[in-house]
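A short write-up of the structure that comes next.
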Amino acid sequence: MPELPEVETVRRELEPWLTGRTIRTARREDAPKGPKYAHLEDADGQTIEAVTRRGKWLILPLSGGDELVIHLGMTGIVTPERPGSHHRVTVELEPTGDRDTVYFQDTRRFGRFLVAVQGRYDGLPSLQQLGPEPLSDDFTTAEFLRRLKRSRTPIKQHLMSQKAVAGVGNIYCDEALWATRIHPLARSNRIGRKRADALRQAIVDVLTASIARQGTTLRDYRTVGGDTGGYVDSLKAYGRTGQPCERCDDSVIERIVVGQRSTHFCPKCQRR
DNA sequence: CGCATTTCCTGGTAGC
DNA sequence: TGCTACCAGGAAATGC
């Protein structure tokens, strides 16, 4: 499911394609009116100035001061190929001969593709409350620790909330906790400076390594070029229920549910 | 405010 | 084969 590495992979592909391109029309196809596809028509005539990312959100500043905001949800795909089904948005660019139409396909309708008018993120509370960007200098141990202290919920849930750090979802959460031997049910506010620093580093390392492999494809995720993500072969915890822990002997990865989400960990080396 | 729970949605799959 | 039931989960809405 698209998390930071998958979204960053998409961003890197969109950047050379879309930067400087002018939108002729942006229109909803088989997608509901409402906040998930708000103000799309406002993009008409504006030029895409950059392709940026905040957490799992793609943000494309437009020349008129608006922003095109895209969230891939679970199954969202940005592609130059016309989707055969689940076609949600069409963006026609002023033609240059290089892939003049952008399509948004989203099987399960969890994605969003909208225009934030003049930087107003009303209807996007998550974007407003987003924690620091993990691959930036803002993601310091001191700041991370401060944010971890704000919640008594299990560390797994707090990382998933996007409030302590942006862009970490179910897969990389389980991977970073496995890497640091932190139990997913450990209370966020009980994590000390030393473990917070290790966790911060593990998050950076896991995300960076995954970006290098173009992310993780479990089922639906594809790059703009149609490739699958290779990090699936490097997973140590996520989806490995019943398989041996690669770090300790005589132990297998266990699956529990934390905050309504499946959670994978090694009961032997991840202590509470 | 924090936190828990529910909702959205569809394809894949288990079980009969 | 065909049917039903259930599962996956990011973010928002809802209810304390």
Side-chain angles (χ1 to χ4, degrees), chain A residues 1-8 10 28-38 53-59 69-78 83-89 104-114 116 120-131 134 146-177 184-190 203 207 210 215-222 228-229 232 235 237-242 253 255-264:
Chain A
M1 17 247 98
E3 304 178 29
L4 189 149
E6 292 75 33
V7 179
E8 174 62 17
V10 170
R28 278 185 305 111
E29 302 285 351
D30 179 16
K33 291 181 181 173
K36 287 187 173 183
Y37 295 90
R53 180 188 55 72
R54 267 291 275 142
K56 304 173 198 172
W57 298 85
L58 287 165
I59 299 185
V69 175
I70 305 168
H71 196 295
L72 301 178
M74 297 293 295
T75 54
I77 292 173
V78 180
S85 58
H86 313 298
H87 180 179
R88 309 300 175 200
V89 174
F104 185 56
Q105 177 181 35
D106 183 21
T107 303
R108 278 157 70 180
R109 301 177 186 262
F110 277 33
R112 287 140 223 250
F113 199 114
L114 57 101
R120 285 197 297 276
Y121 291 158
D122 41 300
L124 299 168
S126 172
L127 197 45
Q128 292 174 299
Q129 298 185 72
L130 219 48
R146 237 185 330 269
R147 288 172 180 265
L148 291 184
K149 294 294 180 195
R150 289 179 195 168
S151 174
R152 283 184 290 262
T153 54
I155 183 64
K156 162 83 181 199
Q157 273 176 270
H158 197 206
L159 288 179
M160 294 284 288
S161 79
Q162 309 299 303
K163 291 177 181 174
V165 59
V168 176
N170 211 26
I171 296 173
Y172 302 108
C173 186
D174 285 3
E175 293 303 301
L177 291 175
L185 289 175
R187 300 280 152 184
S188 178
N189 64 330
R190 300 294 298 276
I203 289 168
L207 296 178
S210 181
T216 300
T217 296
L218 296 174
R219 179 182 298 174
D220 299 290
Y221 163 70
R222 295 291 184 279
T228 57
V232 63
L235 298 178
Y238 187 90
R240 298 195 67 250
T241 311
I253 300 297
R255 178 186 175 278
I256 60 175
V257 174
V258 182
Q260 324 296 117
R261 293 295 170 251
S262 61
T263 298
H264 314 74

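- Distance alone, capped at 3.5 Å, is enough to place a donor-acceptor pair between the S188(A) side chain and the L148(A) backbone.
- Contacts of R187(A) with the nucleic acid, taken as non-hydrogen atoms under 4.0 Å apart, are absent.
- Computed from coordinates, the K36(A) NZ to dG10(C) P distance equals 13 Å when rounded to whole Å.
- When the nucleotides dG9(C), dC9(B), dA12(C) are ranked by their closest atom to the side chain of S126(A), dA12(C) comes out on top.
- Atoms CG (L159(A)) and C1' (dA11(C)) sit 16 Å apart, rounded to a whole Å.
- Between R150(A) and R261(A), the residue whose closest nucleotide on DNA chain B is further toward the 5' end is R150(A).
- Nearest nucleotide to the side chain of M74(A), out of dT10(B), dG9(C), dA11(C): dG9(C).
- Spacing between atom OH of Y221(A) and atom C1' of dG9(C) amounts to 18 Å, rounded to whole angstrom units.
- Atom CG in L72(A) sits about 10 Å away from atom P in dA11(C), given to the nearest Å.
- Taking side-chain N and O atoms only, H71(A) has a distance below 4.0 Å to OP1 or OP2 of dA11(C).
- E175(A) places a side-chain N or O within donor-acceptor distance of the main-chain N or O of Y238(A), the cut-off being under 3.5 Å.
- In the set dG11(B), dA11(C), dT5(B), dT5(B) carries the atom at the smallest distance from any side-chain atom of Q260(A).
- Residue Q162(A) is classed as a sugar-phosphate contact, given heavy-atom separations below 4.0 Å to backbone atoms only.
- If you check distances only, the side chain of R219(A) never reaches the base of dG11(B) with a donor-acceptor pair under 3.5 Å.
- The side chain of H158(A) places no N or O atom within less than 4.0 Å of a non-bridging phosphate oxygen (OP1 or OP2) of dG2(B).
- Residue-level contact check: Y121(A) touches neither bases nor backbone, having no heavy atom under 4.0 Å from any strand.
- What separates NE2 of H264(A) from C1' of dC7(C) is a distance of 12 Å, to the nearest Å.
- Using a 4.0 Å heavy-atom cutoff across all strands shown, S262(A) reaches sugar-phosphate atoms only and no base atom.
- For Q157(A) and dG2(B), the CD to C1' distance is 12 Å, given to the nearest whole Å.
- Between K56(A) and dA11(C), a side-chain N or O to OP1/OP2 separation shorter than 4.0 Å is present.
- At a threshold of 4.0 angstrom between heavy atoms, the contacts of L218(A) with the nucleic acid are absent.
- Between Y238(A) and dG9(C) there is a side-chain N or O to OP1 or OP2 distance below 4.0 Å.
- Residue R109(A) places no side-chain N or O under 4.0 Å from the OP1 or OP2 atom of dA11(C).
- Screening V78(A), D220(A), I77(A) for a side chain to side chain contact (heavy atoms under 4.5 Å, CB included) with L72(A), the sole residue that qualifies is V78(A).
- Proximity note for P125(A) (side chain, C-beta onward) versus dA8(C), dA12(C), dC9(B): the nearest is dA12(C).
- Ring geometry for W57(A) versus H71(A): interplanar angle over 60°, hence perpendicular rather than tilted (30 to 60°).
- A donor-acceptor contact under 3.5 Å is formed by the side chain of R108(A) with the base of dA8(C).
- A donor-acceptor pair is defined here as one N or O able to donate and one able to accept, closer than 3.5 Å; no such pair exists between the side chain of H158(A) and the backbone of M160(A).
- F110(A) qualifies as a stacking partner of the dG9(C) base, centre to centre under 5.5 Å and near-parallel within 30°.
- Between the C1' atom of dG11(B) and the CZ atom of R222(A) lies a distance of 14 Å, rounded to the nearest Å.
- Nearest nucleotide to the side chain of T153(A), out of dC3(B), dG10(C), dA11(C): dC3(B).
- Residue order along DNA chain C, read from the 5' end via each residue's closest nucleotide, puts E3(A) first among E3(A) and P35(A).
- Looking at R152(A), its side chain never comes within 3.5 Å of a backbone N or O of N189(A) through a donor-acceptor pair.
- One can place CG of D220(A) at 14 Å from C1' of dT13(B), the figure rounded to the nearest angstrom.
- Residues E3(A) and Y221(A) have side chains that never bring a donor and an acceptor to within less than 3.5 angstrom of each other.
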